[in-house]
Amino acid sequence: MGTLLAAAILVGGLITLEDQAGALDNGVARTPPMGWNSWNTFGCNINETLIKQMADAIVSSGLRDLGYQYVVVDDCWFDPARDSAGNLRGNPSRFPSGMKALGDYLHAKGLKFGIYQVPVDKTCAQYFGGYPGATGSQGHEVQDARQFAAWGVDYLKYDWCSPNGTIDDQVRTFAKMRDALAATGRPIVYSINPNSIHAKTGPQRNWGDVANMWRTTEDITNKWDTGQTNGYPMGIQNIVNVTVPLASYAKPGAFNDPDMMEVGRGGMTDTEMRSHFALWAIMASPLIAGNDLRAMDAATTTILKNQNLIAINQDSLGLQARQVSNDGTRRVLAKKLSNGDVAVALFNQGGSTTTISTTASAIGLAGDSFTLRDAWTNAVSSSTGTISAGVPSHGTVVYRVSGGTSSSPTPTPSGQPGGCTATYRLVNDWSTGFQSEVTVSNDGPSALNGWTVNMTLAGGQTITSLWNGVNTGTSGAITVKNTAYNGAIAGNGSATFGFTANGSGSATPTGVTCTSP
């Protein structure tokens with residue numbers, strides 16, 4: 001198990017932790033984790049019988065054999081008090097056989113054991129008064145990590161769940177458990193959530209030096225759109241808006257986590273459920289189901305068992321799809337795959353059926369002969385370069401595109417400086433404030449090591465927070481530079497920074513340009 005050589009480096013006002021490899025390497029799987037978590041459906045109402053029944057259902061349904069391995073026991077599994085030596089223990093009435101026995105049961109089924117804990121004094125349920133005690137890992141990090149390893153834990157969900165602490169405090173505190181887990185010698189997936197009851201720090205940095213997966217937003221709910229920018233609860237569309245711009249962070253063993261899936265829990269149409277799964281798959285998100293696996297209908301089973309989308313999600317390159325285009329209704333995302341194919345999602349964010357189109361050139365392929373496989377129907381078609389489909393409202397068509405070769409550099413648009421292009425997009429406007437994103441595209445075949453975006457905000461617009469970049473100025477003329485933790489933009493690739501601001505978003509910034517070193 002690799003241990004980070006951690007050195008605190010101040011970057012853009014944030015403390016980052018870097019090692020020689022630049023990412024966490026703790027011996028766990030290099031593709032996004034797949035499995036099931038108890039919280040979305042059952043909350044605190046869990047016990048060992050329920051968990052075993054879910055494990056049995058994963059096996060009997062065939063989900064295990066498709067890659068769903070981790071069974072994660074969320075909040076409320078523990079005794080409200082530690083024992084006399086300060087050790088955690090399972091709630092004796094809920095888990096009378098003990099947590100090691102539960103882990104053994106899961107391992108015997110060919111599954112892996114996940115568990116929940118927090119880095120502060122109280123878990124979320126304890127903080128909100130839904131469960132007694134104060135048994136967080138604060139001050140017990142090494143002890144708890146050893147206990148988890150002794151129980152055979154393979155996955156730790158570590159939830160901040162506190163309004164206290166700066167992002168610097170979070171980085172240092174999450175790193176304590178990272179190092180404690182590493183010291184046990186057991187490969188344990190480290191999943192963190194810095195956002196619960198806290199300023200939304202998940203999107204503000206690349207957490208791949210700290211954890212294997214990190215939540216990008218507040219908690220999900222089984223709705224398409226809750227109107228939230230990044231507040232509780234988040235709908236599917238809201239989460240996508242936050243997570244798409246963070247594509248540059250994803251790499252093998254380190255993934256943006258848009259939260260557990262709501263597939264099969266009602267609250268959305270079948271089309272929306274399919275989009276939910278397809279978007280999680282192409283964003284290289286962990287595929288952690290949250291429904292009652294004992295009572296899945298045919299539509300839910302079909303979605304969760306889509307082997308084309310699972311293969312795209314589990315591709316060994318570990319890349320998250322990058323945004324190709326978005327006009328507010330028609331959104332196109334593309335994910336490069338290890339065999340040279342490209343997965344393309346045509347996502348309709350609007351209220352009626354529309355045609356969404358892109359080209360092989362736009363997704364990084366050159367040539368005049370391509371094969372498109374529809375991930376939902378498995379139908380195969382041919383194209384000379386056009387990738388297009390009629391997509392229903394809130395629907396997502398996904399094609400796996402093969403053929404052609406890597407494309408030549410995209411010509412630099414007229415009026416833009418050579419090297420990079422900056423494209424502005426309004427994400428959400430609530431009249432007194434708005435959220436926007438700027439995509440920085442590398443126009444050349446070689447990696448782009450640094451960029452600067454200039455733009456001028458309209459009168460009355462003032463930036464209140466900005467992520468994935470460092471800004472000089474908050475109103476009027478603004479300069480945004482990349483941060484060290486963003487790394488280089490690959491040839492013909494892109495990166496995105498986002499910001500929220502006071503004022504109306506109806507006025508588009510002027511003079512949006514990008515320069516490279």
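For the pair Trp280 and Ile239, the minimum side-chain heavy-atom distance is below 4.5 Å. Within the 4.5 Å cutoff, the side chain of Phe42 has no heavy atoms near those of the Cys76 side chain. Between Gln126 and Val118, every side-chain heavy-atom pair lies at or beyond the 4.5 Å cut-off. Between Met34 and Gln69, every side-chain heavy-atom pair lies at or beyond the 4.5 Å cut-off. Between Phe277 and Leu304, the closest side-chain pair of non-hydrogen atoms falls below 4.5 Å. Within the 4.5 Å cutoff, the side chain of Ser316 has no heavy atoms near those of the Arg30 side chain. For the pair Tyr131 and Asp75, the minimum side-chain heavy-atom distance is 4.5 Å or more. Counting only heavy atoms from C-beta outward, the side chains of His276 and Met268 approach each other to under 4.5 Å.
Just one of Asn37, Asn47, Ile51, Leu50 meets the side chain to side chain contact (heavy atoms under 4.5 Å, CB included) condition when paired with Val73; it is Ile51. Considering Asp270, Leu293, Asn291 as possible partners of Thr300, the one that fulfils the side chain to side chain contact (heavy atoms under 4.5 Å, CB included) test is Asn291.
Asp159 and Tyr116 share a donor-acceptor pair across their side chains, judged by distance under 3.5 Å alone. Defined by atom type and a distance below 3.5 Å, a donor-acceptor pair is present between the side-chain atoms of Thr500 and Thr464. Checking Thr217 against Asp259 by side-chain atom types alone, no donor-acceptor pair falls below 3.5 Å. Thr439 and Arg425 share no side-chain donor-acceptor pair at under 3.5 Å. Side-chain contact check for Glu437 and Thr496: no donor-acceptor pair (N or O, by modelled atom type) lies under 3.5 Å. Residues Asn195 and Tyr232 bring no donor and acceptor atom of their side chains to less than 3.5 Å of each other.
For Lys52, the NZ atom is densely surrounded, since the number of other residues' heavy atoms within 6.0 Å is greater than 12. Enclosure of atom CD in Gln307 is not indicated, since only 12 or fewer non-hydrogen atoms of other residues, nucleotides or ligands lie within 6.0 angstrom.
Asp257 approaches Met213 most closely through the heavy-atom pair OD2-CE, 3.4 Å. Nearest heavy-atom pair across Trp207 and Ile192 is CE3-CD1, 3.7 Å. In terms of heavy atoms, Val120 sits closest to Ser162 at CG1-CB, 4.0 Å. Nearest approach of Arg331 to Val240, heavy atoms of both residues: NH1-CG1, 4.0 Å. Listed here is the closest heavy atom pair of Pro286 and Phe255: CD-CB, 4.4 Å. The two atoms that bring Pro509 and Tyr424 nearest to each other are CD-CZ, 3.3 Å, heavy atoms only.
Between the side chain of Asp219 and the backbone N or O of Pro233, no donor-acceptor pair lies under 3.5 Å. Checked by atom type and distance alone, the side chain of Arg64 pairs as donor or acceptor with a backbone atom of Lys109 at under 3.5 Å. Proximity of a side-chain donor or acceptor of Ser285 to a complementary backbone N or O of Ala281 within less than 3.5 Å is not detected. Counting only distance, with no hydrogens or angles, the side chain of Asn222 and the backbone of Gly266 share a donor-acceptor pair below 3.5 Å. Judged purely by atom type and a 3.5 angstrom limit, Thr432 has no side-chain atom pairing as donor or acceptor with the backbone of Gly503. With Thr166 contributing its side chain and Asp169 its backbone, the two residues share a donor-acceptor pair below 3.5 Å. Distance alone, capped at 3.5 Å, places no donor-acceptor pair between the Thr216 side chain and the Asn256 backbone. Between the Gln143 side chain and the His140 main chain, no donor and acceptor come within less than 3.5 Å of each other. Of the possible donor and acceptor atoms, one in the side chain of Gln170 sits under 3.5 Å from a partner among the backbone N and O of Pro194. No donor-acceptor pair under 3.5 Å is formed between the side chain of Asn348 and the backbone N or O of Ile356.
Under the 30°/60° scheme for interplanar angles, the aromatic rings of Trp160 and Phe174 are found to be tilted. Note: Trp77 and Phe148 have perpendicular aromatic rings, judged against thresholds of 30 and 60 degrees for the angle between ring planes. Ring geometry, Phe347 versus Trp224: the interplanar angle exceeds 60°, so the pair is classed perpendicular (tilted spans 30 to 60°).
Summarising the geometry, atom OG1 belonging to Thr354 is positioned 4.5 Å from atom CZ belonging to Arg330; distances are rounded to the nearest 0.5 Å. Atom CG in Leu317 sits 13.5 Å away from atom NZ in Lys251 (nearest 0.5 Å). Here the CG atom belonging to Asp429 is positioned 11.0 Å from the CD atom belonging to Gln435, to the nearest 0.5 angstrom. Taking CE from Met234 and CD from Glu262, the interatomic distance works out to 12.5 Å, rounded to the nearest 0.5 Å. Considering CD1 of Ile236 and OG1 of Thr226, their distance stands at 9.5 Å, rounded to 0.5 Å. Ile303 contributes atom CD1, which lies 10.0 Å from atom CE of Met261 (distance to the nearest 0.5 angstrom).
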Discussion item. One pair to check against side-chain contact (heavy atoms from CB on, under 4.5 Å): Asp315 and Thr31. What are the steps and the verdict?
Written reply: CA-CA 7 Å; Asp315 185 77; Thr31 56; over 6 Å; no
Discussion item. For a side-chain contact (heavy atoms from CB on, under 4.5 Å) check, start with the C-alpha distance between Leu279 and Leu333, then their side-chain angles and the critical distance, and finish with the verdict.
Written reply: CA-CA 9 Å; Leu279 292 165; Leu333 306 174; 4.1 Å; yes
Discussion item. side-chain contact (heavy atoms from CB on, under 4.5 Å), that's the test. Do Tyr155 and Ile115 meet it? Break it down for me.
Written reply: CA-CA 6 Å; Tyr155 178 118; Ile115 208 163; over 6 Å; no
Practice prompt. Applying side-chain contact (heavy atoms from CB on, under 4.5 Å), run through Arg94 and Ile46 and close with a yes or a no.
Written response: CA-CA 7 Å; Arg94 297 181 177 210; Ile46 58 173; 4.2 Å; yes
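Of the charged side-chain nitrogens involved, none lies within less than 4.0 Å of a carboxylate oxygen, so that Lys176 and Asp144 do not count as a salt-bridged pair.
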